[in-house]
Colleague: 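Below are the structure tokens for one structure; questions will follow.
Note that this is a predicted model, so its numbers are computed, not measured.
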Amino acid sequence: MIVLQNVNKTYRLKDAHVEAIKDVSLQIRDGDIFGVIGYSGAGKSSLVRCINLLEVPDSGSISVNGTDVTWSEGGKFKRLSNHEMKKVRKKIGMIFQHFNLLDRSTVFGNVAYPLAYSGLAKEEIRSRVFELLELVGLTDKAAAYPSQLSGGQKQRVAIARALANNPRVLLSDEATSALDPEATESILSLLKELNKKLNLTIILITHEMSVIKSICHKVAVMENGRVVEEGDVYTIFASPVQAITKKFIASQSSLSKIDMLASGGALIGTQGGGALVKLQFEKDAVGDALISEVSRKFGVNLNIVLANVDIIHGEPLGAIIAVIKGDVQNVAAALSYFRSKNVKVFENIIHDGGK
Ligand SMILES: Nc1ncnc2c1ncn2[C@@H]1O[C@H](COP(=O)(O)OP(=O)(O)O)[C@@H](O)[C@H]1O
Ligand SMILES: [Mg+2]
């Protein structure tokens, strides 16, 4: 378990102060894949650097697996002793956007590097390295140099290296941001597999909502140094509250195209009394046949403009954007019928920014 309480971090430069983290409190449970999403400059990297002790917060406290990694003395927060710090760090692995591999070492050498002072004998190191390479599917590349590998393979080497000392926690700072979509997918499924197999807690930093959707259990949204929204991924996708969260979700949803269509006007003109609505079908909503049932029952005409189903942790989250036409009272009755069937109805969606 990682617990952050009221953490603040300000960088003090000669001519300016940058408040990178403001009053952040989070609880990350063992075995979770915990996503942190935010735009560039939101404070995500500063946050993980505080967790693995590369930065010292100005105030607040952080504990990792029961060890308080910050301690106060006269109101000042200081580093742990070198020995204590090493002990905590050993339990935390980290991977980065640009892999940070040693270019002059082979894949074997890169993975063996963190084991150099582990007290293991040469033969034990060798077998541990091959165990790690097997875990990430790279046993045949042991003798290759980083320059001979694809981006996805480099990230696999970095993952093997990060896991060398059996950490309980893996910090992933934009680890897929430099990869193409295919490599991204394969790295994400590797992380998911490692999370399950090793019960590895993963803190996954990203600026892409699609990454969060594909493997995270929980997500925290950061903006200007603060966590502005937090929860389990399905709930956040189904009912985002903050504008920035809605924007992140829209960025990876085909339904966001409604904005473009709406401003173009031609395809979904609602002249003639129609109303543009979004119907959201969550896991407990019975979606099938509801559209035709409603249109028969209430004598309304439902013209589907866009439809989409997201699968989040194996659970469907569906949405339909439709123009509903008919007598005003019938339209209102139809919409409340949808609501009675656990369908979320959003009206005036264009004015809401299509979300
Ligand atoms: N070492 C540093 N010194 C001064 N300012 C920094 C330093 N690291 C980050 N910052 C500033 O802190 C803010 C948060 O940065 P960062 O944590 O890297 O955000 P993110 O990872 O979300 O892009 C930014 O305004 C950035 O310019
Ligand atoms: Mg960053």
Side-chain angles (χ1 to χ4, degrees), residues 33-45 47-48 97 151 172-189 191-192 202-265 267-268 276-283 304-322 344 346 348-355:
I33 304 183
F34 192 103
V36 178
I37 188 166
Y39 293 118
S40 176
K44 308 178 298 295
S45 294
L47 192 73
V48 286
Q97 179 173 2
S172 167
D173 192 352
E174 302 277 8
T176 58
S177 298
L179 302 178
D180 62 48
E182 206 174 317
T184 294
E185 200 171 304
S186 87
I187 291 297
L188 291 177
S189 54
L191 292 178
K192 197 170 176 175
I202 300 177
I203 302 181
L204 195 152
I205 303 261
T206 180
H207 63 277
E208 291 171 301
M209 207 58 178
S210 56
V211 168
I212 300 284
K213 187 175 87 180
S214 96
I215 65 165
C216 294
H217 306 121
K218 294 274 170 67
V219 62
V221 182
M222 282 192 82
E223 185 176 30
N224 298 325
R226 292 184 193 278
V227 170
V228 294
E229 192 160 0
E230 192 202 338
D232 74 77
V233 171
Y234 192 95
T235 310
I236 295 280
F237 266 80
S239 329
V241 175
Q242 302 295 332
I244 184 174
T245 314
K246 292 178 183 175
K247 214 162 148 186
F248 274 124
I249 291 172
S251 71
Q252 65 81 58
S253 164
S254 57
L255 294 182
S256 63
K257 292 193 186 84
I258 194 68
D259 279 337
M260 287 179 253
L261 293 174
S263 51
L267 262 172
I268 50 159
L276 193 63
V277 294
K278 177 175 156 187
L279 307 171
Q280 182 165 296
F281 299 80
E282 297 178 19
K283 35 191 171 181
I304 296 174
V305 184
L306 286 172
N308 183 51
V309 180
D310 273 328
I311 304 292
I312 300 168
H313 293 298
E315 311 241 50
L317 177 63
I320 288 172
I321 288 175
K344 258 196 204 150
F346 300 84
N348 303 318
I349 55 172
I350 301 252
H351 302 298
D352 279 355
K355 278 159 258 163

Colleague: Let me confirm one number: the CD-CZ distance from Gln242 to Phe248, rounded to the nearest 0.5 Å.
Modeller: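 The distance works out to 12.5 Å.
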Colleague: What pair of heavy atoms forms the shortest contact from Ser186 to Ser189, and how long is it?
Modeller: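 Here Ser186 and Ser189 meet closest at O-OG, 3.2 Å.
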Colleague: Roughly how far, to the nearest 0.5 Å, is CD1 of Ile215 from CD of Glu185?
Modeller: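 Those atoms lie 11.5 Å apart.
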Colleague: Answer yes or no: is there a donor N or O on one side and an acceptor on the other, between the side chain of Lys278 and the main chain of Ala319, under 3.5 Å?
Modeller: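 Checking the backbone N and O of Ala319 against the side chain of Lys278, no donor-acceptor pair under 3.5 Å is found.
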Colleague: Check whether any side-chain heavy atom of Met222 sits under 4.5 Å from a side-chain heavy atom of Ile37, and report yes or no.
Modeller: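 They are not in side-chain contact.
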Colleague: I want to check something: taking the side chain as every heavy atom from C-beta on, are Gln280 and Phe237 in contact at a cut-off of under 4.5 Å?
Modeller: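 Counting from C-beta outward, Gln280 and Phe237 never come under 4.5 Å.
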Colleague: Can you name the nearest heavy-atom pair linking Gly231 to Ile236, along with the distance?
Modeller: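 Nearest heavy atoms, Gly231 then Ile236: N-CD1, 3.8 Å.
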Colleague: As an exercise, state the distance from CG of Leu47 to NZ of Lys44, rounded to the nearest 0.5 Å.
Modeller: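 Nearest 0.5 Å value for the CG-NZ distance: 10.5 Å.
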Colleague: Where do Ala307 and Ile320 come nearest, in terms of heavy atoms and distance?
Modeller: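 Taking Ala307 first and Ile320 second, the nearest heavy atoms are CB-CG1, 4.1 Å.
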Colleague: Which pair of non-hydrogen atoms, one from Lys192 and one from Ser214, has the smallest distance, and what is that distance?
Modeller: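 Scanning both residues, the minimum pair turns out to be NZ-O, 3.9 Å.
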Colleague: Give a yes or no on whether the backbone of Val241 and the side-chain of Glu229 come within a donor-acceptor separation of less than 3.5 Å.
Modeller: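 Yes; at least one donor-acceptor contact below 3.5 Å.
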Colleague: Test side chain to side chain contact (heavy atoms under 4.5 Å, CB included) on Ile33 and Leu191; report intermediate values, then the result.
Modeller: CA-CA 9 Å; Ile33 304 183; Leu191 292 178; 5.7 Å; no
Colleague: To the nearest 0.5 angstrom, please state how far the CD1 atom of Ile312 sits from the CD atom of Glu282.
Modeller: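 Taking CD1 in Ile312 and CD in Glu282, the distance rounds to 9.5 Å.
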Colleague: So, Lys213 side chain and Glu208 main chain: donor-acceptor pair closer than 3.5 Å or not?
Modeller: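 Not at all, since once roles are kept as given, no pair shorter than 3.5 Å links the two residues.
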Colleague: Which heavy-atom pair separates Ala220 from Phe34 by the least distance, and what is that distance?
Modeller: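 Between these two residues, the closest heavy atoms are CB-CE2, 3.7 Å.
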Colleague: Given Val219, which partner from the list Thr235, Ile212, Leu204 fulfils the side-chain contact (heavy atoms from CB on, under 4.5 Å) test?
Modeller: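 By the side-chain contact (heavy atoms from CB on, under 4.5 Å) criterion, Val219 pairs with just one of Thr235, Ile212, Leu204: Ile212.
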Colleague: Indicate yes or no: at least one non-hydrogen side-chain atom of Ile187 is less than 4.5 angstrom from one of Leu179.
Modeller: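 Yes, their side chains come closer than 4.5 Å.
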Colleague: Under 4.5 Å between any side-chain heavy atoms of Asp310 and Gln252, yes or no?
Modeller: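 In contact.
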Colleague: Do the non-hydrogen side-chain atoms of His207 and Ser177 ever get within less than 4.5 Å of each other?
Modeller: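 SC-SC contact between His207 and Ser177 confirmed.
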Colleague: Within the distance-only criterion (no hydrogens, no angle test), does the side chain of Tyr234 pair as donor or acceptor with the backbone N or O of Pro316 below 3.5 angstrom?
Modeller: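 At least one qualifying donor-acceptor pair exists.
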Colleague: For a quick test of reading the model, state the closest non-hydrogen atom pair linking Thr176 to Thr184 and the distance between them.
Modeller: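 Looks like O-OG1, 3.5 Å.
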Colleague: Assess whether side chain to side chain contact (heavy atoms under 4.5 Å, CB included) is satisfied between Lys344 and Leu279, documenting all intermediate values.
Modeller: CA-CA 6 Å; Lys344 258 196 204 150; Leu279 307 171; over 6 Å; no
Colleague: Are any non-hydrogen side-chain atoms of Glu230 and Val221 less than 4.5 angstrom apart?
Modeller: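 A side-chain contact is absent here, since even the closest heavy-atom pair is not under 4.5 Å.
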